[in-house]
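Some notes on the structure that comes next.
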Amino acid sequence: MPCSLFKGWRKQATLTTFVPRDGETKYSGYCGFKAKPRLGVFNRKKYYDWTNFNSLHLRVRGDGRPWMINIFTDPYFSHQKDDMYHYFMFTRGGPYWEEITIPFSKFFLCSQGRVQDRQFPLWLDKINTIGFTLGDQAHGPFQLEIDFIGLLMDRAHTEEFAYEQYERNTKF
Amino acid sequence: MNSMWLLAAARGTLWRAALGRDYTWLQSPGCVQAFWTGPLRGCSSGSKLTLRPGDDGDGEQIPRELVPFENMFRQAAQQGRSKATWCQVVEAFQNRDVRRREHVEFIYTALRHMVIFGVERDLDAYNCLLDVFPQGVFVPQNYIQRMFHHYPRQQLCGIQVLEQMETYGIMPDQKTRFLLLKIFGEQSHPAYKYQRIMYWFPKFKHINPYPLPDPLPRDPVDLARHSLTRIAADASARVTIYQMPLPEQEDPGIDHAQPYIVGIQSPDQQELLARHNPAQPVLVEGPFRLWLKTTCVYYYILHAELLPKEQQEEVIDLEQSFYYPLQLDLDLDRGIWDKETFDVEKVEEGPLFAMCMVGAGDQATLAKWIVGLQETNPILSQTSVIFHLRPGPQELQLAPSAAKSREEEEEEEAQARWGTREA
């Protein structure tokens, strides 16, 4: 059957040796995968143009774990090279497939994993890759089956951006 | 963060040079910024590798501690690892010195020991810890101090406290806000971090479409009920408890403990089973994993194999219902330009008839479940049932319980080192 399966065993060490003691790693215990970036002739970056759509539609069968969807736009300026848009995907678990729709207006901007103060909506005309991350602190095996990832133009969804774009570091 | 260290180091050299030129205003008591002649970054306490002056003087060889203040926590842990003993250590530190010398090291050590004492999800504990900071000293007085990250090491420490709260998903409250204002002032990095937490946490608190009760029910039958209603994906599904758990001690006549059997079936599934061809066998498959936060439960399913297209027959008898038609042949399709469905082949799977969760995943228990299902689905008595059980968690004693026994071993080791953990 044409669907993809991502499974493994997320190992968490014990109470005392939770993180590898190399002096710089603070957190551990996450895994993920992402799509291969499209490359053109002479390894030029090729981007997806998703301007005709406003939602991401997935048909997945997870095991109840919460995942995070990452969209990487590979921006032009090197200051923004770690910028990525994230949102959460909660799987129900169980034997039934579920269809998850996430509008692009819900994706928030992070850089190196830190949520940014100034938020911008996702630019849909230059998408590079999409990926999934599992970071819940549950030790044990995980499994995620993806039937397909599609794009949807949900005409009932009129929200442009879910987060406020005005200056937020105001006086306390 | 790196820039703050550089600034701090730069300031250290400036002061050393300044002292050489005898800048009296820096040494005057009017100067708010405290300074010392040693290097600014890294260890400020020189007594890491020596016995602390406050330790027992009765000749007992207390092990040298590599981590500052670890001995205080170790001694408290001997009395039991709980919130009360952890707070005792914090109060002991607060009472021993009004100036709270080496409070930054203490706070870092206390943050690490929160997990050991089991208070990492307790907001009061974090507020107690923030109380350790001396209040008013680190508040910047003018714009230059604000620009140059006034007391960067203390601010970093405050950020780490809030970061640990963020990692465990604990929402700070008004007391945290007032403490941060008193300690660091309005325009400081911990205050900004508090603002960020208070902005993002409420936005993400209720986005889970399948929320779980907090805390999870401990009774396995209750837990099974919750998880089965979750995975059934049907509001009209009915949960049936076929067998309640009975431990061994209750009835000495029974040799083995009676495991629980909780099943679920929706009317759609019942209908599918009623239409199933008795000549085809049904399969009991499992166990499959379901994660509820950090708890893993296992469920079994009753399903039939997918028949090839030729054998799939759906005969609709039009005379079954005279009041409304069961089949309509209307050409109401959208045009190709308006189609909004996905042109993807969906994964084909056989029909699913019922799910269950059991206390012991052996064939005998599951057979009891099938017998229970026969009451509402009489076709099961005519159909052959095949048990396709993978090595479940009971059989996989070597793999997950190797990990589990390792966890138990480490818990014992932690107990030996730190004392027992009180509930």
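These numbers come from the heavy atoms of this one structure, side chains and all, not from hydrogens, waters or symmetry mates. A note on names: the letters A, B, ... follow the listed sequences, proteins ahead of strands, and every chain is numbered from 1.
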| request: For the pair A:Phe148 and B:Phe342, name the ring-plane relationship: parallel under 30°, tilted 30 to 60°, perpendicular over 60°. | output: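 It falls in the tilted class, 30° to 60°.
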| request: Look at the aromatic rings of B:Phe204 and A:Tyr87 and report parallel, tilted or perpendicular, splitting at 30° and 60°. | output: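 Because their plane-to-plane angle is over 60°, the rings of B:Phe204 and A:Tyr87 count as perpendicular.
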Taking all heavy atoms of [X] and all of [Y], pick out the closest pair and write down the distance.
| X | Y | answer |
| --- | --- | --- |
| B:Val347 | A:Arg59 | N-NH1, 3.7 Å |
| B:Ala233 | A:Tyr96 | CB-CD1, 4.4 Å |
| B:Leu290 | A:Gly93 | CD1-CA, 3.7 Å |
| A:Thr91 | B:Arg230 | O-NH2, 3.1 Å |
| A:Arg92 | B:Ile231 | O-CG2, 4.2 Å |
| A:Pro95 | B:Met355 | CG-SD, 3.9 Å |

Could you state the interatomic distance from [atom1] ([X]) to [atom2] ([Y]), rounded to the nearest 0.5 Å?
| X | Y | atom1 | atom2 | answer |
| --- | --- | --- | --- | --- |
| A:Lys106 | B:Ile207 | NZ | CD1 | 9.0 Å |
| A:Phe142 | B:Trp291 | CZ | CH2 | 11.0 Å |
| A:Glu164 | B:Lys203 | CD | NZ | 4.0 Å |
| B:Trp200 | A:Tyr163 | CH2 | OH | 6.0 Å |
| B:Arg196 | A:Gln116 | CZ | CD | 8.5 Å |
| A:Tyr27 | B:Glu163 | OH | CD | 3.5 Å |

| task | Determine, stepwise, if the pair B:Glu349 / A:Arg61 fulfils side chain to side chain contact (heavy atoms under 4.5 Å, CB included). | result | CA-CA 13 Å; B:Glu349 284 179 354; A:Arg61 185 162 63 181; 3.0 Å; yes
Does [X] [atom1] have over 12 foreign heavy atoms under 6.0 Å away?
| X | atom1 | result |
| --- | --- | --- |
| A:Asp22 | CG | yes |
| B:Lys182 | NZ | no |
| A:Glu99 | CD | yes |
| A:Gln80 | CD | yes |

| request: In sequence, state the C-alpha distance, the side-chain angles, and the governing distance for B:Gln160 and A:Lys26, and then conclude on side chain to side chain donor-acceptor pair (under 3.5 Å). | output: CA-CA 11 Å; B:Gln160 288 306 315; A:Lys26 258 203 102 191; 2.5 Å; yes
| Pair B:Tyr210-A:Glu98, side-chain donor/acceptor within less than 3.5 Å |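 A donor-acceptor contact under 3.5 Å links the two side chains.
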| request: Using non-hydrogen atoms and a 4.5 Å limit, figure out which bit of B:Ile301 sits close to chain A: side chain, backbone, both or neither. | output: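 Only the side chain of B:Ile301 comes within 4.5 Å of chain A.
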| request: Pick one of side chain, backbone, both or neither for B:Thr167, based on which atoms fall under 4.5 Å of a heavy atom in chain A. | output: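 Answer is side chain: those atoms of B:Thr167 sit under 4.5 Å from chain A.
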